[in-house]
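This report refers to the structure that appears directly beneath it.
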Protein chains: 2
Amino acid sequence: MTAQPRTMPADTTGLQLDAYLPYRLSVASNAVSRLIARAYEDRFGLSIPQWRLTCVLAEDGPMNQSALVSRTGMDKVTVSRAAQGLAKRRLLVRSENDLDGRSHVVALSPEGLRLHAEIAPLALAYEAALISGLDPSEVALLKRLLLRLQGAAGVLAGERTEAS
Amino acid sequence: MTAQPRTMPADTTGLQLDAYLPYRLSVASNAVSRLIARAYEDRFGLSIPQWRLTCVLAEDGPMNQSALVSRTGMDKVTVSRAAQGLAKRRLLVRSENDLDGRSHVVALSPEGLRLHAEIAPLALAYEAALISGLDPSEVALLKRLLLRLQGAAGVLAGERTEAS
DNA sequence: GGTAGATAGTTGCATCTGATACTATCTCGC
DNA sequence: GCGAGATAGTATCAGATGCAACTATCTACC
């Protein structure tokens, strides 16, 4: 005989929040994001969007804002504000684009590059601490599945695909 | 010989945003959350916190708000406002707690239960669509890894553990 | 039994976010 | 070249979020 808790409502839907993937994903992501955001904010005064721009510019070199938008998937308003914040602190420089008067080329300043080089080890240490105890193959699978979920969500949301 | 793009800055940090787990996690979670939030909002007028409360109350039965806080991990302010919104629509009922004048017992109304039963299949369909093509064992591992990341983030953030 | 500290929940506030609207510039077709 | 529509980026506004402060109630200790 299966035990039947007394006040349990007859939930016949088969839905359990704890096992619901979007819920698990959101809770895990929020926990990790809060941790990381606090670390960057407290020690370096960088928001997450600012940190992302810094990373992309350090990796790929100068580009304009719309390239940053497609590279990071962030909103163009978010990118604009993050770039303004970094420019105010002289961590990046925006120069006129002679070929297109609408856009500016955005590049890390030497100080920006230095800051990135300073933060990167900390960022990697956080990642290492988060995945400590996990098998590298599990981590690789995790990243692959996350990319897959992201893609599936984009498709379900009716997102325009690359090959239109 | 490895091709060397011309303008690539000397990024010797070993950090690549695309491969950085917190980034992958955040982007995937945002994509999924946006999809789900829009579905619930558009069709049923429920926010994500309201939907979570509904699920927990349908699963576990009536409880007070602080129990909802520890059950869902959401902020107590978020829970309070979500409960107020649901109460305004008569989807849940708050009754005085005779044993403790500070707290109220929160329970789904019959309409609330009915709405939950109506939404649950849609929620499960979204989950199924997101993980379609994935092996069930992969999904199980994914959920396990997400829980693990969440726990690791909590520990790193100095969170009080259950067994103090 | 009265006071100090803990707890339940709400309100206020400051911030972040994203959608929309707007300006400026570019491109294309004629 | 010139006007219609596309694109880069910014400004503006509404809603969500979470912290801190607050009220009310409870608990525990003297």
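Note: hydrogens, waters and symmetry copies are ignored here, and every other heavy atom, side chains too, is used.
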OP1 or OP2 of [N] under 4.0 Å from side-chain N/O of [X]:
X: B:R94; N: C:dT10; value: yes
X: A:S66; N: D:dA8; value: yes
X: B:R38; N: C:dG18; value: no

* Assess whether one donor atom and one acceptor atom, taken from the side chain of B:R81 and the base of D:dG18, lie less than 3.5 Å apart. => yes
* Taking for each residue the nucleotide of DNA chain C with the nearest heavy atom, is it A:G101 or A:V77 whose nucleotide lies nearer the 5' end? ->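 The residue closer to the strand's 5' end, by nearest nucleotide, is A:V77.
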In whole Å, I'd like the distance from the [atom1] atom of [X] to the [atom2] atom of [N].
X: A:E41; N: C:dA14; atom1: CD; atom2: C1'; value: 13 Å
X: B:L99; N: D:dA24; atom1: CG; atom2: P; value: 22 Å
X: B:D100; N: C:dT7; atom1: CG; atom2: C1'; value: 8 Å
X: A:D75; N: D:dT10; atom1: CG; atom2: C1'; value: 12 Å
X: A:I48; N: C:dG18; atom1: CD1; atom2: C1'; value: 17 Å
X: B:R102; N: C:dT7; atom1: CZ; atom2: C1'; value: 4 Å
X: B:N30; N: C:dG18; atom1: CG; atom2: P; value: 7 Å
X: B:L86; N: C:dG9; atom1: CG; atom2: C1'; value: 16 Å

* To do: Please tell me if the side chains of B:V79 and B:P49 come closer than 4.5 Å, counting only heavy atoms from C-beta onward.
  =>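 Counting from C-beta outward, B:V79 and B:P49 never come under 4.5 Å.
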* Asked: Between B:K143 and B:E127, is there a side-chain N and carboxylate O pair less than 4.0 Å apart?
  ->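 Counted as a salt bridge, because a side-chain N and a carboxylate O are separated by less than 4.0 Å.
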* To do: Give A:T78 one of three labels, base, sugar-phosphate or nothing, depending on what nucleic acid heavy atoms sit under 4.0 Å from its own.
  =>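 Touches sugar-phosphate only.
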* **Distance-only donor-acceptor check, side chains B:R94 and B:Q84, under 3.5 Å** => no
* To do: Answer yes if the side chains of B:R89 and B:Q50 hold a donor-acceptor pair under 3.5 Å, and no otherwise.
  =>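 On atom types as modelled, these side chains do not qualify, holding no pair under 3.5 Å.
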